[in-house]
Number of protein chains: 2
Amino acid sequence: MAQAMFEGDDRSTPARIRDAALACFAERGVKATTVRQIAERAGVSAALVIHHFGSKERLRSACDRRVAALIRERKTAVMRSGSGLDPLAVLRDQAGDPPIQRYLARTLAEGTPEVAALVDEMVDDAARYVSEGMERGVLRRSDDPRGVAAVLTLWSLGAMVLHEHVERVLGVDLTGPAETHATNPAYVRPALEILSHGLVMPHWFDAIATASGAGDDTHSGSGSSASEEDT
Amino acid sequence: MAQAMFEGDDRSTPARIRDAALACFAERGVKATTVRQIAERAGVSAALVIHHFGSKERLRSACDRRVAALIRERKTAVMRSGSGLDPLAVLRDQAGDPPIQRYLARTLAEGTPEVAALVDEMVDDAARYVSEGMERGVLRRSDDPRGVAAVLTLWSLGAMVLHEHVERVLGVDLTGPAETHATNPAYVRPALEILSHGLVMPHWFDAIATASGAGDDTHSGSGSSASEEDT
DNA sequence: ACGGCGGGTAAACGCGCGTTCAATACTATA
DNA sequence: TATAGTATTGAACGCGCGTTTACCCGCCGT
């Protein structure tokens, strides 16, 4: 009874239940959400939730597919508009309701096949966009454009999963609406700095790369000490 | 009875229980782990687990503190050895047992105060190391060294949380022992490339930065369209 | 010898979960 | 109007959870 059906709610009952589940999963996580909570939010009985979806697990799967569908739908528009480098751009401006970003932040680490497929698609899209950017001279060339795209995508999604820490450390809520963080320098500025100018000085890069064996695909063990690499 | 006590196990019973819980939490997650599973793994009864720790939640808190302690202990050694730029370096080489990395990967997104404090410390350490690197001319200068360090740390930890996706996409297990991935080019190479050479060409960086408002701390709204920025 | 005490346990308790069931309200077709 | 079928429900079921209880046993000080 917490959120009874509005008169003008034209969604079907299964759709309303699914959206209620989506919101609950996003707020509390899947395991911490009970079927009764979902039912209450959708303004129906717990029995009806099971009647329409068979089980909580299948409802969760329906939510996964719903999120994937919404993102795919939005993706074409975003890529057409030209900012395909940023996987988070696809997630932004989803009008916050249903809360897709928080749902993904909760689900990305849980390893469902639907989400895995979605991540794979994001990497593919990013790879396409990175390659294109390199050909057009916007991005620096690389031997491994797909690797670059993958790392880029995973870093972005990782930051989204850790949004709580990002907010505490930098004061930026990555799961909020775009305008609250897309122009917020606290996160964007350092990220842009790193991605454009780079961080390590070129001279030192060579030393690090050869020492860690990453500068040579057919590297020898190099028997190095504790000196490590990457971020 | 799955893993009864060895004769030569000199750990106290509470310590054995805590380590068993650590392993279970790392493998299955906290909510999915039952007190009885922990008890069985430690070779004791479920009642004894509660007797020693009061509740499952306080046992979990003890695990958090244990992990934090192990990392802090290792930290000084790693920083002394000179590779403080990489927060993952601190997590590596923990001898895999107990599985600290997987525990953190599970816990980083769950928002306990102990882990939050640990992340804050990692950011502080990275900030110190980044500033030092800039002064020594190893790293490129920045107006916001702490922001750079924070983004770096969060990207690394995010990749660790998404280790499952990293492994599927790039074939690198970030939660495994160091030698399996520290020299694996699939992840390290693109990451190093981005961090050293940068990605976006300098000429384009200015355009992006001003368009997104990140190039100016006292920026005007710029009323931009869908064109976004960052990773 | 013995009493108490701390480590340890088996059994049970109560709760809340996902799910099932039998019955009711509603709607459309014949 | 009768009938079939679907949407929806309250109540209950069974299970497994975290936790509690009552009890046991071996050791140590006296």
Side-chain angles (χ1 to χ4, degrees), chain A residues 1-65 103 106-107 110 112, chain B residues 1-65 103 106-107 110 112:
Chain A
M1 238 172 233
Q3 180 182 326
M5 180 174 172
F6 296 121
E7 264 192 35
D9 193 340
D10 56 347
R11 290 174 299 176
S12 69
T13 302
R16 267 186 298 125
I17 292 174
R18 183 208 52 207
D19 289 349
L22 206 48
C24 286
F25 291 159
E27 285 176 15
R28 272 166 284 221
V30 175
K31 290 216 74 150
T33 297
T34 73
V35 171
R36 286 166 174 82
Q37 285 169 349
I38 298 169
E40 190 187 10
R41 191 167 194 140
V44 298
S45 68
L48 193 61
V49 173
I50 299 297
H51 173 246
H52 277 302
F53 290 91
S55 70
K56 185 188 177 184
E57 180 52 37
R58 304 215 310 178
L59 171 54
R60 175 237 174 79
S61 169
C63 289
D64 276 2
R65 289 195 302 276
Y103 181 87
R106 290 246 183 228
T107 316
E110 289 184 13
T112 74
Chain B
M1 244 172 229
Q3 181 182 326
M5 179 179 174
F6 295 120
E7 262 191 36
D9 193 340
D10 55 347
R11 291 174 299 175
S12 70
T13 303
R16 268 186 298 125
I17 293 174
R18 188 234 304 125
D19 289 349
L22 207 47
C24 287
F25 291 160
E27 285 175 14
R28 274 165 279 221
V30 176
K31 289 219 75 151
T33 297
T34 73
V35 172
R36 286 175 232 274
Q37 286 170 348
I38 298 169
E40 190 186 12
R41 190 166 196 140
V44 299
S45 67
L48 193 61
V49 174
I50 299 297
H51 174 244
H52 277 303
F53 289 91
S55 71
K56 185 188 179 185
E57 180 52 35
R58 304 216 307 173
L59 171 55
R60 175 234 173 80
S61 169
C63 289
D64 277 2
R65 288 194 302 274
Y103 181 87
R106 290 246 184 229
T107 318
E110 289 184 11
T112 74

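As the structure is a computational prediction, the values presented were derived from the model and not from experiment. The chains referred to below are lettered A, B, ... by the order of the sequence lines, with proteins before strands, and numbering in each begins at 1.
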In numerical order, the residues of residues 27-34 of chain A whose heavy atoms come under 4.0 Å of DNA chain C are A/T33, A/T34

Per the under-4.0 Å heavy-atom filter, residues of residues 57-65 of chain A near DNA chain C come out as none

To the nearest 0.5 Å, atom CG of A/L22 lies from atom CG of A/D64 at 9.0 Å

Those residues at least two apart in sequence (or on a different chain) that pass side chain to side chain donor-acceptor pair (under 3.5 Å) with B/R36 are none

Expressed as a whole number of angstroms, how long is the span from [X]:[atom1] to [N]:[atom2]?
X: A/I50; N: C/dG18; atom1: CD1; atom2: P; answer: 8 Å
X: B/I17; N: C/dG7; atom1: CD1; atom2: C1'; answer: 10 Å
X: B/E40; N: C/dT9; atom1: CD; atom2: P; answer: 13 Å
X: B/F53; N: C/dG7; atom1: CZ; atom2: P; answer: 13 Å

Residue pairs meeting side chain to side chain donor-acceptor pair (under 3.5 Å), one or both in residues 50-62 of chain A, sequence neighbours left out, come to A/R60-A/E110, A/S61-A/R65, A/S61-A/E114

Residue pairs meeting side chain to side chain donor-acceptor pair (under 3.5 Å), one or both in residues 21-32 of chain B, sequence neighbours left out, come to B/E27-B/R41

Taken in chain and number order and not counting sequence neighbours, the residues that satisfy side chain to side chain contact (heavy atoms under 4.5 Å, CB included) with A/A21 are A/F25, A/I38, A/L59, A/C63

For B/Y103 and B/A26 the tightest heavy-atom approach is N-CB, 3.6 Å

Scanning both residues in full, the closest heavy-atom pair of B/V44 with B/V49 reads CG2-CG2, 4.2 Å

Q. Within the side chain of A/R11, is there an N or O that forms a donor-acceptor pair under 3.5 Å with the backbone of A/R16?
A. no

Check the interface with nucleotides 7-11 of chain D: list each N/O to N/O pair with the protein under 3.5 Å, or write none.
| from | atom 1 | to | atom 2 | distance (Å) |
| --- | --- | --- | --- | --- |
| D/dT8 | OP1 | A/T13 | OG1 | 3.4 |
| D/dT8 | OP2 | A/H52 | NE2 | 3.4 |
| D/dT9 | OP2 | A/S45 | N | 2.9 |
| D/dT9 | OP2 | A/S45 | OG | 3.1 |

